[in-house]
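Each remark here refers to the structure printed beneath this line.
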Amino acid sequence: MSNIYWESFKTFFKIGIFTLGGGYAMIPLIEEEVVNRKKWVSKEEMLDLIAIAQSCPGVFAINIATFVGYKLRKTRGAIATTIGTALPSFMIILIIATFFHQFSDNKVVAAMFRGIRPAVVALIAVPTFNLAMRAQLNKWTLWIPIASALLIWLLGVSPIWIIIAAGIGGFLWGKFSSRYNGITG
């Protein structure tokens, strides 16, 4: 039987190494490892963890790793998964910072980074689409994320206000819809 701390560290270290594009691009890898392979959390718990990680301050991927680790083995598990997630990025940034001045004007390196951009967009778009499907968006609720994105993009509304409005709206919807359906809450 393997050590769960070492196993969770290795799992999140591997995810941290092979993910470009930040926390949202990590979602498919985290889900594959944590939900499908290791079965440390269920699909429903993963959706909840993503929602919580988005609403907490800090780095999205580290928040998810911390929550998964805490679920596995409380504080020690959270430390193992958090370090496993953060260490690869730290090491890569340290190496890049050490040698950046030597290749900052290199046309090949610049072309590689331009080539990575579309892949990063796809890595972010796929989990976003999957989350929308699991959140059971339909023709009645699809306007919410679209309106939110437009408010942020076109009008410069702070995402904080969108989150606060969504929280209040969700609370009110739950209150009124439960009363309408004869459920008291």
Side-chain angles (χ1 to χ4, degrees), residues 1-89 119-146 148-149 159 162-175 177-178 181 183-185:
M1 186 169 178
S2 67
N3 181 331
I4 189 67
Y5 302 111
W6 178 243
E7 187 68 25
S8 61
F9 172 84
K10 285 190 318 186
T11 298
F12 279 93
F13 188 86
K14 180 173 71 171
I15 291 167
I17 283 179
F18 293 109
T19 306
L20 297 170
Y24 292 100
M26 288 181 163
I27 293 172
L29 289 174
I30 293 171
E31 188 170 5
E32 179 60 30
E33 288 292 321
V34 171
V35 176
N36 299 337
R37 286 192 185 153
K38 308 282 188 200
K39 303 204 184 304
W40 288 336
V41 297
S42 68
K43 285 188 182 250
E44 294 77 22
E45 287 173 316
M46 185 67 184
L47 186 59
D48 291 341
L49 289 176
I50 290 169
I52 293 168
Q54 287 175 321
S55 63
C56 289
V59 179
F60 177 74
I62 290 183
N63 288 347
I64 288 182
T66 303
F67 295 143
V68 170
Y70 189 81
K71 182 182 184 302
L72 289 174
R73 290 289 190 270
K74 303 293 180 212
T75 303
R76 289 182 182 174
I79 291 169
T81 56
T82 301
I83 292 172
T85 303
L87 193 57
S89 297
V120 170
V121 170
L123 286 171
I124 293 170
V126 169
T128 302
F129 178 76
N130 290 338
L131 286 172
M133 297 306 292
R134 274 194 244 139
Q136 299 176 350
L137 287 178
N138 57 39
K139 64 182 179 180
W140 305 110
T141 58
L142 187 60
W143 66 272
I144 297 169
I146 292 171
S148 298
I162 302 292
I163 293 168
I164 291 169
I168 292 169
F171 173 77
L172 293 173
W173 174 261
K175 277 294 216 193
S177 67
S178 64
N181 292 325
I183 301 170
T184 58

What's the spacing between [X] [atom1] and [Y] [atom2] if we round to 0.5 Å?
X: F67; Y: T82; atom1: CZ; atom2: OG1; result: 9.5 Å
X: F12; Y: I83; atom1: CZ; atom2: CD1; result: 13.5 Å
X: F9; Y: I79; atom1: CZ; atom2: CD1; result: 13.0 Å
X: S89; Y: F13; atom1: OG; atom2: CZ; result: 9.5 Å
X: I64; Y: M26; atom1: CD1; atom2: CE; result: 9.5 Å
X: I27; Y: I15; atom1: CD1; atom2: CD1; result: 11.5 Å

message: With side-chain contact (heavy atoms from CB on, under 4.5 Å) as the criterion, how do W40 and K71 come out once you've worked through the C-alpha distance, each side chain's angles and the decisive distance to 0.1 Å?
response: CA-CA 8 Å; W40 288 336; K71 182 182 184 302; over 6 Å; no
- prompt: I30 and M46: side-chain contact (heavy atoms from CB on, under 4.5 Å), yes or no, with the steps?
  reply: CA-CA 9 Å; I30 293 171; M46 185 67 184; 3.4 Å; yes
statement: All heavy atoms of C56 vs all of N63, minimum pair found to be O-ND2, 3.5 Å
query: Between T85 and A65, what is the shortest heavy-atom contact and its length?
result: OG1-CB, 3.0 Å
message: With side-chain hydrogen bond (donor to acceptor under 3.5 Å, both in side chains) as the criterion, how do S8 and T81 come out once you've worked through the C-alpha distance, each side chain's angles and the decisive distance to 0.1 Å?
response: CA-CA 6 Å; S8 61; T81 56; 5.8 Å; no
query: Does the K39 side chain pair with the main chain of N36, one donor and one acceptor, at a distance under 3.5 Å?
result: yes
